Amino acid sequence: MDSVSAIRHIKNEHRENWFRDVISFCDENEIPITIWNYLSTPYDGNRFSLVDDDFRKPVSGKIIDMIRIK
């Protein structure tokens with residue numbers, strides 16, 4: 001698995017579920033993960049960031065907690 005992502009404009013509940021499922025799967029199978037990307041730019045085509053592009057605040061505290069190094 002090279003990279004995974006989700007659609008930017010979805011309900012946070014669905015985004016959080018996606019992150020939880022992928023992180024759980026990777027943890028259970030000892031697969032290292034990288035979260036792409038912290039902040040997108042207006043024309044990068046990605047538009048799936050952990051921080052809101054307009055307000056520069058995390059899109060979900062739950063996601064931040066999931067990826068926080070323990």
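No hydrogens, no waters, no symmetry mates; every other heavy atom, side chains included, goes into these values. It should be emphasised that the depicted structure is a prediction, and the values quoted were computed from it without experimental measurement.
Two residues are said to be in side-chain contact when any heavy atoms from C-beta on lie closer than 4.5 Å; Glu16 and Lys11 fail this criterion.
Val59 and Val51 fall into different hydrophobic clusters, where Ile, Leu, Val, Met, Phe, Trp and Tyr side chains are chained together by heavy-atom contacts under 4.5 Å. Trp18 and Leu50 end up in the same hydrophobic cluster when Ile, Leu, Val, Met, Phe, Trp and Tyr side chains are linked at under 4.5 Å.
When the options Ile23, Asn29, Asp21 are evaluated for a side-chain contact (heavy atoms from CB on, under 4.5 Å) with Phe25, the one that passes is Asn29.
How far CG of Asn17 is from NZ of Lys62: 8.5 Å, rounded to the nearest 0.5 Å.
Considering only residues two or more places apart in sequence or on other chains, Ser24 meets the side-chain contact (heavy atoms from CB on, under 4.5 Å) condition with Arg20, Glu28.
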